Amino acid sequence: MAQISLTFLDGNARHYDAGITAAAVAADISSSLAKKAISATVNGAHWDLQWPIDADSAIAINTMKDDEPALELVRHDLAHIMARAVQELWPDVQVTIGPVIKDGWYYDFDRKEAFVPDDLAAIEKKMKEIINKREPVRTEIWDRARAIQFYQDKGEPYKVELIESIPGDEPLRMYWHGDWQDLCRGPHLQHTGQVPADGFKLMSIAGAYWRGDSDRTMLQRIYGAAFTNKEGLKQHLHRLEEAAKRDHRKLGREMNLFHMQEEAPGQVFWHPNGWTIYTELQDYMRRRQRAGGYVEVNTPQVVNRQLWEKSGHWEAYQDNMFIVEVDEDHAREKSINALKPMNCPCHIQVFNQGMKSYRDLPLRMAEFGSCNRYEPSGALHGIMRVRGFTQDDGHIFCTEEQIESETETFIAFLDAIYTELGFTNWAIKLSTRPEKRIGSDATWDHLEAALGNACRAAGHEFDIQEGEGAFYGPKLEFVLTDAIGREWQCGTLQVDSNMPERLDASYVGQDGNKHQPFMLHRATLGSFERFIGILIEEHAGKLPVWLAPRQVVVATIISDADDYALEVVAALKAVGVRAEVDLRNEKINYKVREHSLGKVPFILALGAREVEEKTVSVRRLGENKTSVTSLAEIVAELGKAATPPDQL
RNA sequence: GCUGCUGUAGCUCAGUGGUAGAGCGCGUCAUUGGUAAUGACGAGGUCGGGAGUUCAAUUCUCCCUAGCAGCACCA
């Protein structure tokens with residue numbers, strides 16, 4: 001038999017017969033390793049201990065101490081164990097797919113009756129029984145016909161469909177956990193007992209479409225969280241609890257920022273505190289955009305259907321538009337309008353007024369554009385996904401040659417703003433040509449490369465989302481993460497030649513002929529609503545001082561300090577600080593607690609000493625200590641702290 | 001939009017086939033207290049909306065609506 005050479009991490013090599021399993025290699029090293037082994041890494045691939053190795057390879061034997069493979073296997077085996085538990089409890093349930101995801105796994109089932117929360121406890125109990133049986137996992141490769149027949153006989157049509165969608169030349173791997181069988185590409189643990197019985201928890205039940213297709217059956221998905229030990233799970237659950245405290249919907253209520261109500265679903269009622277954040281942010285963006293060479297415009301809310309037909313939005317999005325019918329006295333027909341769902345067609349109307357020359361390009365046009373979209377009810381989420389919102393929108397009209405440099409300039413612009421707003425952790429995604437598209441491959445090659453080059457030139461890595469671009473051009477998405485790790489697209493930049501064409505935008509080139517400009521749709525924050533939601537969660541409500549709706553509360557300890565408190569507040573307001581007094585007949589403990597919970601960055605406490613010495617006792621949010629400062633000093637300090645970063 | 005769950009006082013939540021309760025908050029009074037809850041008293045609810053079953057519905061059933069989780073969608 002042919003010999004192969006396996007090289008270990010330490011550089012040593014051993015020789016074995018070709019076809020040896022990783023399990024046998026582990027056993028050859030030591031019997032304790034053979035017991036502890038969970039999988040191998042062979043030439044960088046995650047390798048089941050039962051799979052044969054046929055050629056010279058680099059190999060490492062993994063144990064539970066190797067976090068990445070261990071988590072992968074534990075979660076993957078738990079998916080199978082859960083599916084087995086469910087089928088043991090309810091034999092009529094059909095199994096579908098069950099992948100590993102961040103922090104755990106899920107498995108989708110088809111079952112007539114709905115799973116209820118109490119079922120989760122029963123399933124967990126059954127899973128623990130299965131784990132305690134320490135049943136061996138084994139695997140075989142089957143040919144397609146046999147596998148299809150097997151699943152047809154078993155009454156598992158979803159598995160048949162899965163096999164039919166797997167490319168014909170790929171071998172099908174069957175796995176058994178004890179007697180329970182599933183189709184799976186592996187790898188898996190050696191036996192069910194290797195799964196930590198106290199390291200997992202079933203989290204929730206939700207609906208999910210078979211194969212992610214909303215035209216097909218809705219299955220029932222059970223989510224689980226899993227770690228290699230009890231402590232890992234405990235920490236995860238603790239993180240979830242902490243994240244819930246940062247939820248912008250909860251903080252929005254507690255800080256009295258905004259509310260929403262049944263009569264206006266998906267639209268925000270901004271309260272004075274919340275609106276202060278909003279206007280402060282908008283003022284900042286306005287200054288930033290002016291400095292960035294943008295001209296600001298404003299365009300209509302209610303726009304006749306004809307323009308949307310011409311732009312192509314009517315055909316694609318009419319179901320998601322708010323339609324406004326106007327029945328004028330003398331009109332023979334109703335006039336059909338839509339609340340604008342986006343600003344670009346209107347911006348082209350502005351661009352089209354008067355002749356434009358190549359000398360006018362790039363023309364950067366911005367609008368705080370109030371838009372309405374009839375979002376599907378299930379998509380609404382606090383102020384992050386709403387039906388009425390304002391974009392910090394902008395369109396850059398430019399030539400094809402200017403696309404790359406304009407993109408690079410925009411990324412630098414966005415980067416500076418995200419940094420000033422306290423975001424360090426954001427990602428760029430580059431969406432490339434979709435199947436249905438217009439334009440030549442040569443143009444797509446150029447545009448995709450231009451966006452990628454611009455990212456690199458601006459010093460940013462990016463992930464590629466294959467085929468996710470718009471039909472008219474590639475796009476960049478600037479993605480931020482909320483408290484529990486859900487990603488939200490905030491900024492965006494999209495290259496578009498289609499709309500200038502449809503809406504007849506043109507400029508006179510150096511050659512005296514008419515040319516069509518390219519258009520870069522771009523937004524920095526995206527929508528104020530979503531961005532403020534993210535901002536609240538990122539800072540857990542403790543906003544940077546310049547954005548905090550209430551920056552300073554001057555709280556009296558005794559009523560004899562009232563006059564001085566008013567004097568202090570007046571001095572702070574004079575330098576532009578949002579300061580309030582708290583003269584209530586309450587103890588200082590009470591006031592400190594209340595304003596700390598209200599996330600006020602500075603509390604100034606005033607008692608007899610402060611009145612006497614013309615000082616203030618300063619308490620900063622998040623600190624338990626206080627310091628005493630002269631009035632003049634604190635006014636200067638807080639005046640500076642309250643200044644937006646671009647004005648320092 | 002789809003599946004499941006939920007909607008009781010301003011907030012967080014208990015509860016029941018015989019028209020409701022707590023804590024916090026709010027108001028009044030007393031208290032002038034030095035950095036995360038001073039005390040007493042008091043006010044406050046068509047139990048999301050509509051229909052049905054019933055002698056009687058906040059409670060059971062159905063429809064609608066909104067919210068939550070996930071899926072689908074996101075110009």
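Proteins come first, then strands; the chains are lettered A, B, ... in the order of their sequence lines, and each starts at number 1. Values in this document were obtained by computation on a predicted structure and should not be read as measured data.
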Can you find an N or O donor on one side and an acceptor on the other, under 3.5 Å apart, linking the side chain of [X] with the base of [N]?
{"X": "A:Tyr374", "N": "B:G1", "result": "no"}
{"X": "A:Glu594", "N": "B:G25", "result": "no"}
{"X": "A:Ser559", "N": "B:U32", "result": "yes"}
{"X": "A:Arg216", "N": "B:A72", "result": "no"}

OP1 or OP2 of [N] versus the side-chain N and O atoms of [X]: is any pair under 4.0 Å?
{"X": "A:Arg211", "N": "B:A72", "answer": "no"}
{"X": "A:Ser377", "N": "B:G1", "answer": "yes"}
{"X": "A:Arg253", "N": "B:G10", "answer": "no"}
{"X": "A:Arg249", "N": "B:C68", "answer": "yes"}
{"X": "A:His381", "N": "B:A69", "answer": "yes"}
{"X": "A:Arg486", "N": "B:G70", "answer": "yes"}

Mind checking if [X] touches a base, just sugar-phosphate, or nothing, with heavy atoms under 4.0 Å?
{"X": "A:Pro265", "answer": "sugar-phosphate"}
{"X": "A:Ile205", "answer": "nothing"}
{"X": "A:Ile603", "answer": "nothing"}
{"X": "A:Asp215", "answer": "nothing"}
{"X": "A:Gly312", "answer": "nothing"}
{"X": "A:Gln318", "answer": "nothing"}
{"X": "A:Gly526", "answer": "nothing"}
{"X": "A:Arg221", "answer": "sugar-phosphate"}
{"X": "A:Ala316", "answer": "nothing"}
{"X": "A:Phe115", "answer": "nothing"}

Round to a whole Å and report the spacing from [atom1] of [X] to [atom2] of [N].
{"X": "A:Met260", "N": "B:C68", "atom1": "CE", "atom2": "C1'", "result": "14 Å"}
{"X": "A:Glu262", "N": "B:G48", "atom1": "CD", "atom2": "C1'", "result": "6 Å"}
{"X": "A:Asp119", "N": "B:G4", "atom1": "CG", "atom2": "C1'", "result": "12 Å"}
{"X": "A:Glu468", "N": "B:C74", "atom1": "CD", "atom2": "C1'", "result": "12 Å"}
{"X": "A:Glu586", "N": "B:A40", "atom1": "CD", "atom2": "C1'", "result": "14 Å"}
{"X": "A:Tyr317", "N": "B:A75", "atom1": "OH", "atom2": "C1'", "result": "4 Å"}
{"X": "A:Trp308", "N": "B:A75", "atom1": "CH2", "atom2": "P", "result": "15 Å"}
{"X": "A:Asp319", "N": "B:A72", "atom1": "CG", "atom2": "P", "result": "20 Å"}

- Taking for each residue the nucleotide of RNA chain B with the nearest heavy atom, is it A:Ala605 or A:Met342 whose nucleotide lies nearer the 5' end? A:Ala605
- 5'-most by nearest nucleotide on RNA chain B - A:Ser596 or A:Ala470: A:Ser596
When you measure from the side chain of [X], which nucleotide among [options] comes out closest?
{"X": "A:Arg593", "options": "B:U32, B:A75, B:A37", "result": "B:A37"}
{"X": "A:Lys475", "options": "B:A75, B:U35, B:A66", "result": "B:A75"}
{"X": "A:Arg385", "options": "B:C73, B:C26, B:G34", "result": "B:C73"}
{"X": "A:Arg373", "options": "B:A37, B:C73, B:C74", "result": "B:C74"}
{"X": "A:Leu380", "options": "B:G1, B:G67, B:U32", "result": "B:G67"}
{"X": "A:Met218", "options": "B:G70, B:C26, B:U38", "result": "B:G70"}
{"X": "A:Ala206", "options": "B:A69, B:U32, B:A75", "result": "B:A69"}

- Query: Near A:Glu113 CD, under 6.0 Å, is it more than 12 heavy atoms from other residues, nucleotides or ligands?
  - Reply: yes
Nucleotide paired to [N] in any strand shown, Watson-Crick or G-U, under 3.5 Å:
{"N": "B:A57", "answer": "none"}
{"N": "B:A36", "answer": "none"}
{"N": "B:C68", "answer": "B:G4"}
{"N": "B:G21", "answer": "B:C13"}
{"N": "B:G27", "answer": "B:C41"}
{"N": "B:U46", "answer": "none"}

- Task: Applying side-chain hydrogen bond (donor to acceptor under 3.5 Å, both in side chains), run through A:Trp210 and A:Glu161 and close with a yes or a no.
- Result: CA-CA 11 Å; A:Trp210 169 233; A:Glu161 191 181 330; 3.1 Å; yes
Does this structure show an ion pair linking [X] with [Y], if we count only N-O contacts that are shorter than 4.0 Å?
{"X": "A:Glu567", "Y": "A:Lys614", "value": "yes"}
{"X": "A:Arg211", "Y": "A:Asp213", "value": "no"}
{"X": "A:Lys599", "Y": "A:Glu254", "value": "no"}

- Message: Determine whether the aromatic ring of A:Tyr590 stacks with the base of B:A37, defined as ring centroids separated by less than 5.5 Å and ring planes inclined by less than 30°.
- Response: no
Give me the distance, rounded to whole Å, that separates [N] from [M] when you measure between the [atom1] atoms they each carry.
{"N": "B:C55", "M": "B:G48", "atom1": "C1'", "result": "27 Å"}
{"N": "B:U61", "M": "B:G45", "atom1": "C1'", "result": "25 Å"}
{"N": "B:A72", "M": "B:G10", "atom1": "C1'", "result": "36 Å"}
{"N": "B:U46", "M": "B:A30", "atom1": "C1'", "result": "38 Å"}
{"N": "B:U8", "M": "B:U58", "atom1": "C1'", "result": "7 Å"}

- Task: Evaluate the criterion side chain to side chain contact (heavy atoms under 4.5 Å, CB included) for residue pair A:Phe258 and A:His248; output intermediate values, then yes/no.
- Result: CA-CA 10 Å; A:Phe258 57 82; A:His248 76 281; 4.0 Å; yes
- Please step through side-chain hydrogen bond (donor to acceptor under 3.5 Å, both in side chains) for the pair A:Thr299 and A:Glu367, ending with a clear verdict. CA-CA 8 Å; A:Thr299 60; A:Glu367 174 175 5; 2.9 Å; yes
- Judged by atom type as modelled, is there a donor-acceptor pair below 3.5 Å linking the side chain of A:Lys201 to the main-chain atoms of A:Ala226? no
- Message: Under the ring-ring contact (aromatic ring centres under 6.0 Å, His included) test against A:Phe531, which residue among A:Trp426, A:Tyr278, A:Tyr418, A:Phe389 passes?
- Response: A:Tyr418
- A:Ser431 and A:Glu468 side chains, donor-acceptor separation under 3.5 Å: no
